[in-house]
Amino acid sequence: MMMELLEFVMSVEFWRMSVLWTFCLLISYWKLIASNSCPSKPPPSPSAFGHRPVCIITGATSGLGAAAAHALSAHGFFVVLVGRSSHLLAKTMMDIKTQNKNAHLKAFQVDLASFGSILQFKASLQKWLSDSEMHSSIQLLINNAGILATSSRLTCQGYDQMMATNYFGAFSLTKLLLPLLRNSPIPSRIVNVTSFTHRSVLNVQVNKDIVSGKCFGRSKRYPYAHVYEYSKLFLLLFSYELHRQLGLMDISRQVSVIAVDPGVVETNIMREVPSCLSSLAFIVLKLLGLLQSPEIGVSSILDAALAPPETSGVYYFGGKGGTVNSSVLSYNAKLAKELWNASSDLFLESELASKETISVSNVKS
């Protein structure tokens, strides 16, 4: 046990997390102070639109996802909770109902690292909307699900699990649900939860091998810090590219896209880091005044979710409506287009593989 701990501490990835990520966090706060951005005026309550808007939150069973579900249900949204554990989904729903008996909730068990699971969720969601005699649309999608895996794990498609959960799952879910977002009778929104850690990436080549994460499994030592950074940078590049594409398709901007960085929040995302190290990190960050509870950290997500309909293509950070510029690399339009193309190719391959699996299953049955 001691040798494993020592090996972990001596790794390049650990020191990248400890030093470089802290430096990147401080840069974000410095930019926030320097920007003097004016907070947006609070928007009207969703109920003012004449019907109860539907909000989908991934990673909704703990931390920021659960906090967002609590808050948005209180704001009048019909909150759809998405998570991997049926037990935790039920518990979260019970917790919300305890605090708000009038909350409108629905839960779906989905594995964001599995394209087949995402595809099944889309079908189940559409059926639920139809069976409930609700409008065939959604108003808010919050891509919050994320993991920090310290060892290499592959999905059933052979993709890196962390890259699939943090980025490709969000890309695929957004692409599949975009027709429902565009079908909304009121302006709809996509909120992508990213991280200040994206600033650690100064250069990256984008191809299907990187986006799927297959190349990381071939490394002698799994570069978990790098993979996490790439996944968060990719989510940002995707946010800005989707913002650009939707703007070209719809001048009135029916669907807006916002990226949000909640900063450092005390959640269970560090569960794979040795507990003594994660506890020490939280103590130091708390002493520095940089550690937030989920109830406080969620403010940036709420800022993005409830911003005026015309707000799009921005990066929220720090709460109180604060926005900052993300890294220079994240605004690279050429890189964003390359990422979009690589991700779209993987999406089509995944869609084809899922259809073939379904066909084989039908033949066997």
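From a predicted model like this one, the values you see are computed outputs, not experimental measurements.
Under the 4.0 Å criterion applied to side-chain N and carboxylate O atoms, E13 and R16 are not assigned as salt-bridge partners. For the pair E266 and K286, the salt-bridge criterion is not met [side-chain N within less than 4.0 Å of a carboxylate O]. With respect to the salt-bridge test (charged N to carboxylate O, under 4.0 angstrom), the residues E272 and R153 qualify. A salt bridge is absent between R199 and D261; no separation between the charged side-chain nitrogens and carboxylate oxygens falls under 4.0 Å.
If you chain together hydrophobic residues whose side chains sit under 4.5 Å apart, M270 and L288 fall into the same group. Using a 4.5 Å cut-off between side-chain heavy atoms of Ile, Leu, Val, Met, Phe, Trp and Tyr, with links allowed through other members, W21 and L285 fall into the same hydrophobic cluster. When the side chains of ILVMFWY residues are joined at heavy-atom separations under 4.5 Å, either directly or via intervening members, I301 and I296 end up in two distinct hydrophobic clusters. With hydrophobic clusters built from ILVMFWY side chains whose heavy atoms lie under 4.5 angstrom apart, M93 does not share a cluster with L88. In terms of hydrophobic clustering, with Ile, Leu, Val, Met, Phe, Trp and Tyr side chains grouped at heavy-atom distances under 4.5 Å, L287 and L25 are assigned to different clusters.
Annotation: side chain of L202 is not in contact with side chain of L329 (no heavy-atom distance under 4.5 Å). Side-chain atoms of I142 and V260, non-hydrogen and from C-beta on, never get closer than 4.5 Å to each other. Taking 4.5 Å as the limit, some side-chain heavy atom of L335 sits within range of a side-chain heavy atom of E338. Residues M3 and E7 have side chains not in contact (no heavy-atom distance under 4.5 Å, counting atoms from C-beta outward). A 4.5 Å side-chain heavy-atom check between D303 and I258 finds every atom pair outside the cut-off. I147 places a side-chain heavy atom less than 4.5 Å from the side chain of Q161. Looking at heavy atoms from C-beta onward, S330 lies in side-chain contact with L233 at the 4.5 angstrom threshold. Contact check for K208 versus K214: no side-chain heavy atoms found under the 4.5 Å cut-off.
The OG atom of S344 sits 11.0 Å away from the CD atom of E349 when rounded to the nearest 0.5 Å. Distance check: L302 CG to S300 OG gives 8.5 Å after rounding to the nearest 0.5 Å. Once rounded to the nearest 0.5 Å, the distance linking CG of L242 with CZ of F171 reads 8.5 Å. Interatomic distance, M17 CE to C24 SG, rounded to the nearest 0.5 Å: 13.0 Å. Note that OG of S130 is 11.0 Å distant from CG of L125, once rounded to the nearest 0.5 Å. With values rounded to the nearest 0.5 angstrom, L72 atom CG is found 11.0 Å from L105 atom CG.
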Exercise for the section: Please assess F77 against R52 for the test side chain to side chain contact (heavy atoms under 4.5 Å, CB included), listing each intermediate value before the final yes or no. Expected result: CA-CA 6 Å; F77 283 88; R52 191 173 293 275; 5.8 Å; no
Practice task
Just do the side chain to side chain contact (heavy atoms under 4.5 Å, CB included) check on H75 and S73 with the steps written out, would you?
Solution key: CA-CA 5 Å; H75 270 88; S73 63; over 6 Å; no
Practice task
Kindly indicate, with the supporting measurements, whether the criterion side chain to side chain contact (heavy atoms under 4.5 Å, CB included) is fulfilled by V227 and D160.
Solution key: CA-CA 9 Å; V227 179; D160 177 83; 3.6 Å; yes
Problem - Candidate pair L148 and M162, rule side chain to side chain contact (heavy atoms under 4.5 Å, CB included), full reasoning - result: CA-CA 7 Å; L148 175 60; M162 180 155 52; 4.2 Å; yes
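Among Y331, Y315, F317, the single residue meeting the ring pair (Phe, Tyr, Trp, His ring centres under 6.0 Å) criterion with H198 is Y315. Results of the ring pair (Phe, Tyr, Trp, His ring centres under 6.0 Å) test with Y224 over F216, F14, F8 single out F8 as the only residue that passes.
Annotation: side chain to side chain donor-acceptor pair (under 3.5 Å) contacts involving residues 77-87, sequence neighbours excluded, are absent. Under the side chain to side chain donor-acceptor pair (under 3.5 Å) criterion, the residue pairs touching residues 165-182 are N143-T174, N166-S231, Y167-S343, with sequence neighbours excluded.
Residue R271 places its CZ atom among more than 12 non-hydrogen atoms of other residues, nucleotides or ligands, all under 6.0 Å distant. Within a 6.0 Å radius of NZ in K97, other residues, nucleotides and ligands contribute more than 12 heavy atoms. Open room surrounds CD on Q120; 12 or fewer heavy atoms of other groups in view lie less than 6.0 Å from it. Counted within 6.0 Å of CD on E310, heavy atoms from surrounding residues, nucleotides or ligands total more than 12; the atom is thus considered enclosed.
Ring centers of W30 and F196: at least 6.0 Å apart, outside the cut-off. Taking the six-membered ring for Trp and the full ring otherwise, the centers of F121 and W128 sit at least 6.0 Å from each other. Ring-centre distance between F168 and Y159: below the 6.0 Å cut-off.
Side-chain atoms of N183 come within 3.5 Å of backbone N or O of S136 as a donor-acceptor pair. In this structure, R189 contributes its side chain and A307 its backbone to a donor-acceptor pair below 3.5 Å. In this structure, W340 contributes its side chain and L237 its backbone to no donor-acceptor pair below 3.5 Å. Side-chain N or O atoms of S188 include one that pairs as donor or acceptor with a backbone N or O of L181 at under 3.5 Å. Checked by atom type and distance alone, the side chain of S114 pairs as donor or acceptor with a backbone atom of S117 at under 3.5 Å. Between the side chain of Q292 and the main chain of P262, a donor-acceptor pair closer than 3.5 Å is present.
Using a 3.5 Å distance cut-off with no hydrogens or angles, the side chains of T58 and N144 do not pair a donor with an acceptor. Between the side chains of S184 and Q139, at least one donor N or O sits under 3.5 Å from an acceptor N or O.
Across G313 and H243, no two heavy atoms sit closer than the pair N-ND1, 3.4 Å.
Under a cutoff of 6.0 Å and an axis angle of 45°, K106 and F108 form a cation-pi pair.
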